[in-house]
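Worksheet: the structure to be examined is printed underneath.
The model shown is predicted, which means the values in this text are computed figures rather than measured ones.
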Amino acid sequence: MANTDDDRRPKYQRIADSLREAIQSGEYGPGDRLPGENELMATHGVARMTARQALSVLRDEGVAEARKGAGVFVRAFRPLRRRGIQRLSQQQWGSGRSIWSADIENRALEVDQVSVSEEAAPEHVSAVLELSDEDTVCVRRRRFVLDGKPVMLATSYLPTSLVAGSAITQEDTGPGGTYARLAELGYKPVHFREEIRSRMPARHEASQLSVSAGTPVILICRTAFADEGRPVEINEMTLDAASYVLEYDFDA
């Protein structure tokens with residue numbers, strides 16, 4: 001009998017597939033320990049390296065996570081469903097709610113590693129915000145941690161001339177966040193544009209997000225526009241791809 005395509009797949013991949021199916025069927029639930037290298041070697045008659053590669057596949061996919069000295073476990077973190085349209089509605093930030101409240105329900109969100117500074121604008125930021133060479137930007141950097149897991153890094157750029165002296169230049173921007181403060185300054189966002197792409201993380205990104213080797217990041221660059229198409233903010237976000245589902249819900 002001729003070999004099937006599955007038969008020709010590397011043994012480590014076939015083992016990873018069987019473990020993934022067991023996870024999806026509920027045989028192994030969130031937080032459960034997966035069979036270790038020795039168990040996989042005995043069950044499948046493979047070398048240790050093959051068993052190790054199989055477990056690495058699941059870790060790289062974000063399905064499982066290694067715990068030092070304890071083994072490999074089914075990832076217990078529930079991915080965040082990012083509602084790309086609802087979260088940016090004026091109904092959210094205009095009523096003093098964080099745009100994150102559209103996504104996280106009753107989950108615990110912490111914002112740390114916050115810094116605010118005035119800097120020269122990077123060339124690509126200056127071009128989008130239509131700044132002159134002498135203009136500076138207010139730069140807001142922060143990390144978002146959900147249920148104890150870092151999920152996103154964000155850096156916002158706003159023209160200093162627009163936000164100087166406002167709460168936007170403080171670590172805590174107040175109810176409704178940056179967009180509510182921009183509205184108070186007369187630059188209410190009326191339109192948003194998001195560009196999305198993906199790549200592997202830089203070393204410092206992997207460290208800050210605590211992602212496993214091989215886990216990609218999602219890059220979202222959002223530009224906020226006030227009346228007459230005036231760009232007032234660029235927000236560059238780096239997301240742990242294994243921690244997110246991107247949802248866009250709109251009428252035809």
Passes side chain to side chain contact (heavy atoms under 4.5 Å, CB included), R59 versus R75? Steps please.
CA-CA 9 Å; R59 292 201 306 272; R75 187 177 170 117; over 6 Å; no

Can you confirm whether R141 sits close enough to L153 that some side-chain heavy atom of one is under 4.5 Å from a side-chain heavy atom of the other?
no

Could you grab the distance from atom CZ of R52 to atom CD of E37, nearest 0.5 Å is fine?
4.0 Å

Determine whether a donor-acceptor pair (N or O, by modelled atom type, separation under 3.5 Å) exists between the side chain of R181 and the backbone of P175.
yes

Looking just at side-chain N and O atoms, do Q208 and Q113 make a donor-acceptor pair shorter than 3.5 Å?
yes

Atom pair CD1/CG of I168 and L185 - distance to nearest 0.5 Å:
5.5 Å

In Å, rounded to the nearest 0.5 Å, how long is the span from OG of S166 to CG of L182?
7.5 Å

Are side-chain heavy atoms of P150 and S210 found at a separation under 4.5 Å?
yes

Using a 4.5 Å side-chain heavy-atom cut-off and chaining through intermediate ILVMFWY residues, the residues clustered with M41 come out as none

Would you confirm whether T215, through its side chain, and V211, through its main-chain N or O, come within 3.5 Å as a donor-acceptor pair?
no

Should R83 and E247 count as an ion pair when the cut-off is N to O under 4.0 Å?
yes

Side-chain heavy-atom pair V145, L109 within 4.5 angstrom cut-off
no

Show which side-chain atoms of residues 27-35 pair as donor or acceptor with protein atoms under 3.5 Å away, not counting sequence neighbours.
unit_1 : atom_1 : unit_2 : atom_2 : d
D32    : OD2    : G29    : N      : 2.7
R33    : NE     : A70    : O      : 3.3
R33    : NH1    : E39    : OE2    : 3.1

Atom OG1 of T155 and atom CZ of R140: how far apart are they, to the nearest 0.5 Å?
11.0 Å

Check: V72 main-chain N/O paired with R67 side-chain donor or acceptor under 3.5 Å:
no

Suppose we screen for side-chain hydrogen bond (donor to acceptor under 3.5 Å, both in side chains). Which residues come up paired with Q13, at least two apart in sequence or across chains?
D17

With ILVMFWY side chains joined below 4.5 Å, transitively, what does V137's cluster contain besides itself?
V125, V128, L129, L131, V139, Y157, I234

Pairs flagged by salt bridge (charged side-chain N to carboxylate O under 4.0 Å, His left out) wherever residues 93-104 is involved - sequence neighbours left out:
R87-D103

Non-hydrogen side-chain atoms of L40 and I15 separated by less than 4.5 Å
yes

Ring pair (Phe, Tyr, Trp, His ring centres under 6.0 Å) pairs touching residues 233-252, sequence neighbours excluded, are none

Criterion side chain to side chain donor-acceptor pair (under 3.5 Å) on E119 and S117, from CA distance to verdict
CA-CA 6 Å; E119 302 177 17; S117 57; 2.6 Å; yes

Specify the closest pair of heavy atoms between S126 and S132, including all atoms of both residues, with the distance to one decimal.
OG-O, 4.2 Å

For R230, the salt bridge (Lys or Arg N to Asp or Glu O under 4.0 Å) test, sequence neighbours excluded, returns none

Apart from M49 itself, which Ile, Leu, Val, Met, Phe, Trp or Tyr residues share its cluster (side-chain heavy atoms under 4.5 Å, direct or through members)?
none

Side chains of L246 and R82 in contact at under 4.5 Å (non-hydrogen atoms)
yes

Test L162 against V232 for side chain to side chain contact (heavy atoms under 4.5 Å, CB included), laying out the working first.
CA-CA 8 Å; L162 262 62; V232 292; 3.7 Å; yes

Please list, one pair per line, the donor and acceptor atoms closer than 3.5 Å that link side chains of residues 217-229 to other protein atoms, with sequence neighbours excluded.
unit_1 : atom_1 : unit_2 : atom_2 : d
R222   : NE     : Y179   : OH     : 3.0
R222   : NH1    : E194   : OE2    : 3.1
R222   : NH2    : Y179   : OH     : 3.2

Among the clusters formed by ILVMFWY side chains lying less than 4.5 Å apart, do F73 and V63 turn up in the same one?
no

Let me check something: do I23 and V245 share a hydrophobic cluster, defined by ILVMFWY side-chain heavy atoms less than 4.5 Å apart, either directly or through other members?
no

What I'd like to find out is whether the side chain of T178 reaches to under 4.5 Å of the side chain of L158, using heavy atoms alone.
yes

Check whether L88 and L239 end up in the same hydrophobic cluster, where Ile, Leu, Val, Met, Phe, Trp and Tyr are linked by side-chain heavy atoms less than 4.5 Å apart.
yes

Treating Ile, Leu, Val, Met, Phe, Trp and Tyr as nodes and any side-chain heavy-atom pair under 4.5 angstrom as an edge, say whether I104 and M237 lie in one connected cluster.
yes

Can a salt bridge be assigned to the pair E205 and R203 using a cut-off of 4.0 Å between side-chain N and carboxylate O?
no

Restricting to pairs with a member in residues 142-153, which pass side-chain hydrogen bond (donor to acceptor under 3.5 Å, both in side chains), not counting sequence neighbours?
R107-D147, D112-R143, R142-S156, K149-D240

Please tell me whether V111 and L80 are part of a single hydrophobic cluster in this structure, the criterion being side-chain heavy atoms less than 4.5 Å apart.
yes

Considering only heavy atoms from C-beta outward, does the side chain of L58 approach that of L19 to under 4.5 Å?
yes

Strictly by ring pair (Phe, Tyr, Trp, His ring centres under 6.0 Å), give each pair with a member in residues 106-154 just once, sequence neighbours left out.
W100-F144

Using atom types as modelled and distance alone, determine if a side-chain donor or acceptor of W93 lies under 3.5 Å from a backbone N or O of S98.
no

As an exercise, state the distance from CD1 of I99 to CD of Q86, rounded to the nearest 0.5 Å.
12.5 Å

Take N38 and R48 through the side chain to side chain contact (heavy atoms under 4.5 Å, CB included) test and state the conclusion after the steps.
CA-CA 7 Å; N38 291 337; R48 183 173 301 278; 2.8 Å; yes

Would a 4.5 Å heavy-atom cut-off, applied to side chains only, mark M152 and L146 as touching?
no

Nearest heavy-atom approach of Q92 to A102 is NE2-N, 3.7 Å

For A127, all residues meeting side-chain contact (heavy atoms from CB on, under 4.5 Å), sequence neighbours excluded:
none

Using the side chain to side chain donor-acceptor pair (under 3.5 Å) rule, take T238 and R199 through it: C-alpha gap first, then chi angles, then the decisive distance, then the call.
CA-CA 10 Å; T238 303; R199 60 165 168 76; 4.9 Å; no

